[in-house]
2 protein chains.
Amino acid sequence: MTRWKPDARGRMIAAAMELFAERGFDATTAGDIAAHAGVTERTFFRHFADKREVLFDGSGTMAHLATEAILAAPASLPPLDAALAGMAAAGGLLADRREHAVRRSRIVAAHPALHERELLKLASLVDATADALRARAVPDPDAALAAHCAVACFHVAFGAWISAADPAPDFARYVDRAAAALRALS
Amino acid sequence: MTRWKPDARGRMIAAAMELFAERGFDATTAGDIAAHAGVTERTFFRHFADKREVLFDGSGTMAHLATEAILAAPASLPPLDAALAGMAAAGGLLADRREHAVRRSRIVAAHPALHERELLKLASLVDATADALRARAVPDPDAALAAHCAVACFHVAFGAWISAADPAPDFARYVDRAAAALRALS
DNA sequence: TTACTGATGTCAGTCACTGACATCCGCAGG
DNA sequence: CCTGCGGATGTCAGTGACTGACATCAGTAA
C-alpha cells in the first residue's frame, strides 16, 4: 500500500486538516484520519491524546518560544513589555505559514469543540507567560494580569494578522498595534 | 423509589457535585449521576449538552448580568470601567454561595476537561462583555481588549475571593483590587 | 372526554478512547 | 551472519459518552 513510513505524525496532521476542511469535524472519524495517513486508529491515539489535539501540535513550542524571549528580555523592561516581547516571539512560529494558519483557523472556528481546545492552548500560553514573569521577580497578581493582557493582545493581533490584505504581514507589528490600543484604554 | 419529581435538573446538579467530589470525574458515569437523581441517562443528556455542562449551569446568567450592568452604566464611564462594573455585577451571582463555589472550583480544578470547559465559559463572558461595550459605541479593538482585561480581573478576583480568610468577603472589592493592579501595570 | 403538549423512559446504534498482547523493524553486540 | 532488544505499530475486545427514533404518561385547555 504505502512504502513510506517516515513522518506518520505529519501525515496524520495533514490528513486531518484535509478531511476536517472537506467533511467537517463531526463527519470525520479518527479512523478516517488514520486510514488516510496509512496507519491504524490505535496509532493515531498513540500520537495524539484525542481527536482535537491533532490540530494543535505546535502550541507547546509557542509557549516555549514565549518563555525564552521573556527570560532573555533586558531586566529593565517592565512586565507588560517583556510579556509582549514573548508574544511577538511566539508569533515567529507563524511567520512562514500564513496560508496554513488561515486554513487551520477556519477549521477551528467552524466547530465549538475545536474552539474550546484553542482556548485551552491560549490558557497554557498565559500560564507559561506568567511563570516566566515570576521568574523575573514580578509579583502576583501583576504577573498573572500582565500575562492575561499580553495574550489578549496576541489573540487580537492574530485575528488582524490572519485577515490582513498584505500578502506577508509582519506579526510583531500587529502585536505592537494591539499593545498600543491596550495602553490607550486606561 | 422516589416520590418527588420536582426539579429533576437541580437534583442532577447536586448529584453530579457529590459524585464528582467523592469518586472523581472519570469514575463517575453519566448514568451514575442520572440514577442518583432518580432519572434515566437519556434524560440527563436532554438537560445538559454533555457530562461537563452539569457543573456550569449558571454561566449564561452571569454573562447576562454583566451585559445588563454594562449597558446600564453611565455613558460617561470609560470602556474599561464599564466592563469592570459588569464583572462586579456578574460576581453578584456568587454572593450567597461561597461554600458552593469553593466546592465547585475544587472539582473543576481537579480535571483538565472541566478546566477546559470553564475557559469556554469565561470566553463567553469575554464575548458578551465585548458586545455590550460595542453597544456603547466602543470601537474595536478597544472593546475586545477591554473585555479581555476585565475578565482577567474577574478571574484573578475570583481566585482571591475563593481563598479569602474572611468568611463572607465582598466580591466587588476583589474586582477593584485586581483592577487597581491592572492599571498600575502600564 | 378529547386532544394536544412537554417531559420522560426505552432501545439500539455510532464512535471516541483504552488496556493487553502480538508483531515487526532497525540496530548493537557477539 | 545470527541474536537479542527497544520502540513503534497492528489487532482485538471492551467501556462509556452521546444520539435518533419511538412509546408513554401527566397535566392542561377545549
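Side-chain atoms are counted along with the backbone in the values below, which use heavy atoms only and exclude waters and symmetry mates. Protein chains get the first letters and strands the later ones, always in sequence-line order, with residue 1 at the start of each. It should be emphasised that the depicted structure is a prediction, and the values quoted were computed from it without experimental measurement.
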Between [X] and [Y], what is the shortest heavy-atom contact and its length?
X	Y	value
A:L71	A:A132	CD2-O, 3.7 Å
A:M12	A:I33	O-CG2, 3.6 Å
B:T28	B:L19	OG1-O, 3.5 Å
B:R134	B:A144	NH2-CB, 4.3 Å

Using the side chain to side chain donor-acceptor pair (under 3.5 Å) criterion, which residues pair with B:D32? Sequence neighbours excluded.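 So B:D32 forms a side chain to side chain donor-acceptor pair (under 3.5 Å) with B:R23, B:T29.
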
Would you jot down, in residue-number order, the residues of residues 15-29 of chain B having a non-hydrogen atom under 4.0 Å from DNA chain D?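 Those residues whose heavy atoms fall under 4.0 Å from DNA chain D, taken from residues 15-29 of chain B in numerical order, are B:T28, B:T29.
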
Close approaches to DNA chain D from residues 113-124 of chain B, in residue order (heavy atom, under 4.0 Å):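 Within residues 113-124 of chain B, no residue comes under 4.0 Å of DNA chain D.
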
List the atom pairs, donor and acceptor, that lie under 3.5 Å between side-chain atoms in residues 88-102 of chain A and the rest of the protein, sequence neighbours left out.
residue	atom	partner	partner atom	Å
A:R98	NH1	A:W161	O	2.7
A:R98	NH1	A:I162	O	3.3
A:R98	NH2	A:D166	O	3.3

Just how far is it from atom CG of A:L125 to atom OG1 of A:T129, taken to the nearest 0.5 Å?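 Output value for this atom pair is 4.5 Å.
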
Would you mind reading off the distance between A:D7 atom CG and D:dA8 atom C1', rounded to a whole angstrom?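 After rounding, the gap between these two atoms is 14 Å.
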
D:dA17 C1' sits how many Å from B:E53 CD, rounded?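 Spelled out: CD on B:E53 to C1' on D:dA17 is 14 Å.
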
Should the pair B:E53-B:K121 be classified as a salt bridge under the 4.0 Å nitrogen-to-oxygen rule?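 Judged by the 4.0 Å cut-off on N to carboxylate O distance, B:E53 and B:K121 do form a salt bridge.
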
Pick out which of A:K51, A:R103, A:R106 makes a side chain to side chain contact (heavy atoms under 4.5 Å, CB included) with A:F20.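 Testing A:F20 for a side chain to side chain contact (heavy atoms under 4.5 Å, CB included) against A:K51, A:R103, A:R106 leaves exactly one candidate, A:K51.
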
Which atom pairs, donor and acceptor, lie under 3.5 Å between side-chain atoms of residues 173-186 of chain A and protein residues at least two apart or in another chain?
residue	atom	partner	partner atom	Å
A:R183	NH2	A:D81	OD2	3.0

What are the residues of residues 41-52 of chain B, sorted by number, that bring a heavy atom to within less than 4.0 Å of DNA chain C?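 Per residue number, the list reads B:R42, B:T43, B:R46, B:H47.
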
